[in-house]
Amino acid sequence: MTTQLLADLEWRGLIAQTTDREGLLKDLNSKPLKFYIGFDPTAPSLHVGNLVVILVMRRFQLAGHLPIALVGGATGLVGDPSGRNEERTLNDETVVVQWVENIRKQLSKFLDFESNKNPAVMANNLDWTKPVSALEFLRDIGKHFSVNQMLAKDSVSSRLESGGISYTEFSYQVLQAFDYLELYRRDNCRLQLGGSDQWGNIVAGLDLIRKVEGGSAHAFTIPLMAKSDGSKFGKTAGGSVWLDADMTSPYAFYQFWINTDDADVEKYLKVFSFKDRSEIERLIETVAVNPGAREAQRELARELTSLVHGSDQCEKVEAASKALFGQGELKDLDEKTLASALAQLPKVTIDKSEAFPTWVDLLAATGVVESKSAARRIVKENGAYLNNEKISGEDFAPTKENLIHGKFLVLRKGKRDLASVEVI
RNA sequence: GGCGGGUUGCCCGAGCGGCCAAUGGGAGGGGACUGUAAAUCCCCCGGCUCUGCCUUCGAAGGUUCAAAUCCUUCACCCGCCA
């Protein structure tokens, strides 16, 4: 069972580095193993980048192991220097508390906390870090760390070369090591997973466990997601793709996945999909045979949107997507379908009694463009559409005749940026 | 603490008294091609009540008909010396 887990992860390209592979395999095979991953609250929500690691966690749970989802209420206050070339700005304590709560809620969607066989549990490192005094920390934990070794870590040494590091962030690895020690002692947690940039921090924990408890545990890192064109995974023009529906709408989330490059879709399927291997291989085949159909992208988008936002939302969003991009006439959609499709888009409402503003004003009001100048530019450059029909002239204004079902207008900028107007 | 160098539009980076909303590259946007892809090509890329006006070149003052460009003070960054 678990032998398969590692082989499967390997096939999916989800293993960057592990300690003692044989030993890990043996431990995983002998009994359900407690393992943990930490998420620091550095934003109000998790984003698709975090999803890589979260789903690996899910895979471990599905294989029968016991996940501990750790939220970094303490470490989030300090700031991890890994993978950063400059100091983080500290966030306010009350803000971090809120973020911890958000992240906790999001994580609970991906793991099973109810299972009576191997339920997941939550932890917050603030619980055991806060009570420790600075003196205790320095004497009981700090004493086991060699500054020489700490300086040698990538996260620190690269920062020493690029402008320096504060004592606060320098101490981060000690805090994370302390977490691992705590979970090892308390729950016999013997495996920590993390992104490959976490290797140094995880290993610091292993050292601490060995020195303090004479015990041994494992480290397992997951490659950081990279896109084939070198750009950063999980970012769009609008910024990060968040898991929070208020920050990235389910529609935008779906669009993110469906717009996956052909060159990346194989990798994404392997990393994100829970379909079995033969199905994934079939989908990869379709990319080679009939790339234009984009079946793989569609399946990927559907699976991930369902997972993150629920299958109900996913269906709505898919319907919206089809209606708005499909070859069908907008007018042919029944009012209900159209309304739910439009509900997914940026929207502006105007009063029945008012005169219609210009297309330019409407688009600017939806927030799809940043300024009226930008909206004018779109018209000038021939990228302005009303109800999927091209319009021209900067002072073009819709009329009553353009309303669909007597109340809707669909604005489009370029090929795929849509917004809606409702008259009430 | 002393001396020197720097701070320019989303990012990098030219400009060093008028021809500057400011060269160039990247990112981003529109168009063509296609598949709501990639690559390529063309165009755009501070704002507005848009043949003009307004606000930008670390901050605040000043010199000048005219300043991103000169002067003064302040803040931050980077070197060298202590």
Side-chain angles (χ1 to χ4, degrees), chain A residues 84-87 89 159-166 226-241 248-269 283-302 304-305 317-328 330 341 344-346 355 357-361 363-386 388-397 410-419:
Chain A
R84 291 214 137 211
N85 51 18
E86 53 184 31
E87 191 81 9
T89 43
R159 277 282 290 280
L160 290 176
E161 284 157 26
S162 70
I165 182 168
S166 68
K227 280 179 55 174
S228 54
D229 64 3
S231 63
K232 209 168 176 219
F233 170 76
K235 299 268 185 197
T236 62
S240 291
V241 178
T248 297
S249 72
Y251 177 81
F253 187 85
Y254 181 87
Q255 289 296 321
F256 167 76
W257 294 104
I258 207 152
N259 281 317
T260 302
D261 293 6
D262 291 359
D264 288 317
V265 73
E266 169 170 352
K267 191 183 340 174
Y268 288 9
L269 280 170
L283 287 170
I284 292 167
E285 185 65 18
T286 66
V287 179
V289 175
N290 185 9
R294 292 177 312 128
E295 184 181 351
Q297 279 91 335
R298 221 172 292 280
E299 283 299 319
L300 182 68
R302 179 180 295 161
L304 272 295
T305 307
V317 162
E318 255 193 300
S321 193
K322 273 186 198 143
L324 297 166
F325 281 105
Q327 53 280 50
L330 284 168
Q344 299 291 335
L345 303 174
T358 60
W359 188 95
V360 165
D361 286 337
L363 189 75
T366 62
V368 167
V369 288
E370 276 166 11
S371 66
K372 286 184 192 173
S373 297
R376 275 189 206 103
R377 223 173 279 137
I378 299 300
V379 178
K380 215 179 300 171
E381 290 173 347
N382 234 350
Y385 298 80
L386 176 69
N388 283 347
E389 281 177 39
K390 193 166 283 191
I391 60 124
S392 60
E394 284 181 26
D395 35 13
F396 175 90
V410 179
L411 309 180
R412 192 169 109 215
K413 166 182 94 88
K415 276 186 187 170
R416 55 185 141 129
D417 219 354
L418 295 143

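Throughout, a chain's letter reflects where its sequence line sits, starting with A, and its residues are numbered from 1. These numbers come from the heavy atoms of this one structure, side chains and all, not from hydrogens, waters or symmetry mates.
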Against the side chain of A:Ser371, the closest entry in B:G30, B:U36, B:G47 is B:G47
P gap between B:G24 and B:A59, integer Å = 25 Å
Using Watson-Crick geometry (N1-N3 plus N6-O4 or O6-N4) or G-U wobble (N1-O2, O6-N3), each under 3.5 Å, B:U23 is paired with none
C1' gap between B:G52 and B:A21, integer Å: 15 Å
### Backbone of A:Glu299 reached by a side-chain donor or acceptor of A:Trp257 within 3.5 Å
no
Taking only side-chain N and O atoms of A:Lys380, does any of them lie within less than 4.0 angstrom of OP1 or OP2 on B:G31?
no
* To do: Please work out if A:Asn382 contacts a base, only the sugar-phosphate, or nothing of the nucleic acid, heavy-atom cut-off 4.0 Å.
  => sugar-phosphate
Separation of B:A37 atom P from A:Gln255 atom CD, nearest Å, is 10 Å
**Asked** Under 4.0 angstrom, heavy atoms only, what part of the nucleic acid is A:Arg294 near: base, sugar-phosphate, or nothing?
**Response** base
- request: Using a 4.0 Å heavy-atom cut-off across all strands, classify A:Glu394 as base, sugar-phosphate, or nothing.
  value: nothing
Margin query: Under 4.0 Å, counting only non-hydrogen atoms across every strand here, what does A:Tyr254 touch: a base, just sugar-phosphate, or nothing?
Written below: nothing
Testing B:A38, B:U36, B:C45 for proximity to the side chain of A:Asp261, the answer is B:A38
Ranking B:G47, B:U36, B:G30 by distance to the side chain of A:Ile378, first place goes to B:G30
Is the base of B:G29 touched by the side chain of A:Asp417 through a donor-acceptor pair closer than 3.5 angstrom? no
When rounded to the nearest 0.5 Å, the distance separating OG1 of A:Thr358 from CD of A:Glu394 is 9.5 Å
